[in-house]
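Before any comments, here is the structure.
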Amino acid sequence: MLDSHDDTMRRLHDDLLDGYDEELEMEIEDRDLDEIGGTLDADALARRKAARRDYFRELFRLQAELVKLQDWVVATGHKVVVVFEGRDAAGKGGVIKRITQRLNPRVCRVVALPAPNDRERTQWYFQRYVQHLPAAGEIVLFDRSWYNRAGVEKVMGFCTDEQVEEFFRTVPEFEKMLVRSGIQLIKYWFSISDEEQELRFLGRIHDPLKQWKLSPMDLESRRRWELYTKAKEAMLERTHIPESPWWVVPADDKKKARLNCIHHLLSQMPFHEIERPAIVLPERVRHDGYRRHQVPGEIYVPQVY
């Protein structure tokens, strides 16, 4: 049982701070700000720390709005698909993580499909994506999508020129059908510079916690930068339609890209706060004959910390 009101508030406060620590841990990248303090003057270090505080303050505010959006989607039965595309290391995963961080995974889920297997290669190209589309009251975030055909598959030679051309003929009609069926489709392209991608790849190479993010395909994409650029330009030109236009997110600054993308996503739907009934925690029912059985000590996780 909780001992007192003060103790309850203290524990609630500690739990809230623990939740915020998750964001702080994710934001620790190459070096802690205190460690680089010796290389910066006091004013520069103060500006960096202030910018960090401002970022988190705005991120938490936007995430609170995302919770309201989620409630509105559920209450209205709205169906939303958000496509995230861009070069490797452009920051797609980072913004998806911040969007979903405080949302119900039963309402907002992420789809990140692996390479198609032998059976899927024989299917209608869009078939394996269709099964992941939302029902009423759901949001689906595609971490890469059917646009693989216009990007990585084309550049890496995983499909023929005829297949790419058929994709360009089909995808506008496919997306129009989705929109007519009641699905709101929002498409983001995360744009980074050549220099920024190189820096992020180097960071992944030298950080053991990030090396899993670096695949042979990522390394090959550096060599084929110009081919990816041409593929992107063709894709944007041929699939930017009124029913589902592309939105380009400048992403050299990862934090600004996250905030700008979330802010824009919120602006795409006329959501409002859904009133919730007041919640009252019921008293626990106690019975005189109830006795809690002792748990064998050997099955407890060792208390190392």
Side-chain angles (χ1 to χ4, degrees), residues 61-86 91-114 116 120 123-151 167-190 235-236 238-249 257-277:
R61 186 190 72 80
L62 292 173
Q63 287 178 330
E65 292 300 301
L66 284 170
V67 172
K68 296 178 185 177
L69 171 64
Q70 170 188 254
D71 292 343
W72 176 83
V73 166
V74 172
T76 61
H78 199 51
K79 294 181 285 188
V80 187
V81 167
V82 188
V83 166
F84 294 88
E85 293 287 347
K92 301 179 296 295
V95 72
I96 290 172
K97 186 178 296 182
R98 273 64 179 190
I99 290 171
T100 60
Q101 200 162 18
R102 305 191 184 281
L103 301 184
N104 183 344
R106 294 181 180 87
V107 176
C108 182
R109 53 190 168 85
V110 180
V111 176
L113 298 184
E120 289 170 333
Q123 295 175 340
W124 177 49
Y125 177 73
F126 298 95
Q127 189 167 335
R128 71 189 193 119
Y129 296 101
V130 168
Q131 61 186 313
H132 297 284
L133 295 174
E138 293 180 352
I139 304 170
V140 175
L141 311 180
F142 278 95
D143 186 352
R144 295 200 182 277
S145 67
W146 46 87
Y147 282 100
N148 277 339
R149 173 129 299 176
F167 171 82
F168 280 137
R169 284 196 297 264
T170 305
V171 71
E173 297 306 317
F174 172 69
E175 293 181 353
K176 289 175 184 178
M177 284 193 295
L178 296 184
V179 173
R180 286 197 302 269
S181 75
I183 294 175
Q184 182 174 4
L185 177 59
I186 304 169
K187 302 185 301 196
Y188 289 114
W189 175 269
F190 278 67
M235 183 193 75
L236 294 181
R238 300 190 63 178
T239 63
H240 179 74
I241 60 176
E243 292 83 356
S244 57
W246 279 102
W247 299 98
V248 176
V249 181
R258 293 168 192 161
L259 298 180
N260 287 328
C261 183
I262 296 174
H263 183 275
H264 183 268
L265 177 62
L266 290 166
S267 74
Q268 296 304 293
M269 283 162 274
F271 73 97
H272 54 82
E273 188 167 4
I274 302 298
E275 290 189 13
R276 294 170 172 263

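Atom set for the values below is all heavy atoms of this structure, side chains included, hydrogens, waters and symmetry mates excluded.
Under the 30°/60° scheme for interplanar angles, the aromatic rings of His78 and Trp72 are found to be tilted.
The shortest side-chain heavy-atom distance between Leu69 and Val73 falls under the 4.5 Å cut-off. The shortest distance between side-chain heavy atoms of Val82 and Val140 does not fall below 4.5 Å. Side-chain contact check for Leu178 versus Leu133: some heavy-atom pair is nearer than 4.5 Å. Contact annotation: the side chain of Arg102 never approaches that of Gln70 to less than 4.5 Å [non-hydrogen atoms, C-beta and beyond]. Within the 4.5 Å cutoff, the side chain of Pro134 has no heavy atoms near those of the Val80 side chain. Side-chain contact check for Val83 versus Trp146: some heavy-atom pair is nearer than 4.5 Å. Two residues are said to be in side-chain contact when any heavy atoms from C-beta on lie closer than 4.5 Å; Arg144 and Glu85 meet this criterion.
Scanning all heavy atoms of the two residues, the minimum distance from Tyr125 to Ser145 falls at OH-O, 4.4 Å. The two atoms that bring Gly137 and Val74 nearest to each other are O-CG2, 3.9 Å, heavy atoms only. The heavy-atom pair separating Ala135 from Glu138 by the smallest distance is N-OE1, 2.9 Å. Heavy-atom minimum distance, Arg128 versus Pro116: NH2-CD, 3.5 Å. Considering all non-hydrogen atoms of both residues, Cys261 and Val95 come closest at CB-CG2, 3.9 Å. Minimum heavy-atom separation, Phe168 to Met235: CE2-CA, 3.8 Å.
Open room surrounds CZ on Arg276; 12 or fewer heavy atoms of other groups in view lie less than 6.0 Å from it. With a 6.0 Å radius and a threshold of 12 heavy atoms from other residues, nucleotides or ligands, His263 has its NE2 atom at or below the threshold. The neighbour count for Gln131 CD, taken as heavy atoms of other residues, nucleotides or ligands under 6.0 Å away, is above 12.
For Gln268 (side chain) and Gln184 (main-chain N/O), no donor-acceptor pair under 3.5 Å exists by modelled atom type. A distance-only check finds a donor-acceptor pair linking the side chain of Arg109 to the backbone of His132 [under 3.5 Å]. A donor-acceptor distance shorter than 3.5 angstrom exists from the side chain of Lys187 to the backbone of Thr239, with no hydrogens or angles considered.
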**Request:** Tell me, with the steps shown, if Tyr147 and Trp189 meet ring pair (Phe, Tyr, Trp, His ring centres under 6.0 Å).
**Result:** CA-CA 11 Å; Tyr147 282 100; Trp189 175 269; 9.2 Å; no
**Message:** What verdict does the side-chain contact (heavy atoms from CB on, under 4.5 Å) test give for Ile186 and Val81, after you've listed the backbone C-alpha separation in whole Å, the side-chain angles of each residue and the deciding distance to 0.1 Å?
**Reply:** CA-CA 6 Å; Ile186 304 169; Val81 167; over 6 Å; no
**Message:** Run Tyr188 and His264 through ring pair (Phe, Tyr, Trp, His ring centres under 6.0 Å) and show every step you take.
**Reply:** CA-CA 10 Å; Tyr188 289 114; His264 183 268; 5.5 Å; yes
**Request:** Check the pair Phe174, Trp124 against side-chain contact (heavy atoms from CB on, under 4.5 Å), reporting the backbone distance first and the verdict last.
**Result:** CA-CA 12 Å; Phe174 172 69; Trp124 177 49; 3.9 Å; yes
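Put simply, CG on Leu185 and CZ on Phe142 are 9.5 Å apart, with the number rounded to the nearest 0.5 Å. Atom CG of residue Leu141 and atom NZ of residue Lys92 lie 13.5 Å apart, to the nearest 0.5 angstrom. Here the OH-CG distance, from Tyr129 to Leu113, works out to 5.5 Å after rounding to the nearest 0.5 Å. Atoms CG and NE2, from Asp71 and His272 in turn, are 11.0 Å apart once rounded to the nearest 0.5 Å. Note: Glu175 CD to Phe126 CZ = 7.5 Å, rounded to the nearest 0.5 Å. Summarising the geometry, atom CD belonging to Glu65 is positioned 12.0 Å from atom CG belonging to Leu265; distances are rounded to the nearest 0.5 Å.
Between the side chains of Gln63 and Gln101, at least one donor N or O lies within less than 3.5 Å of an accepting N or O.
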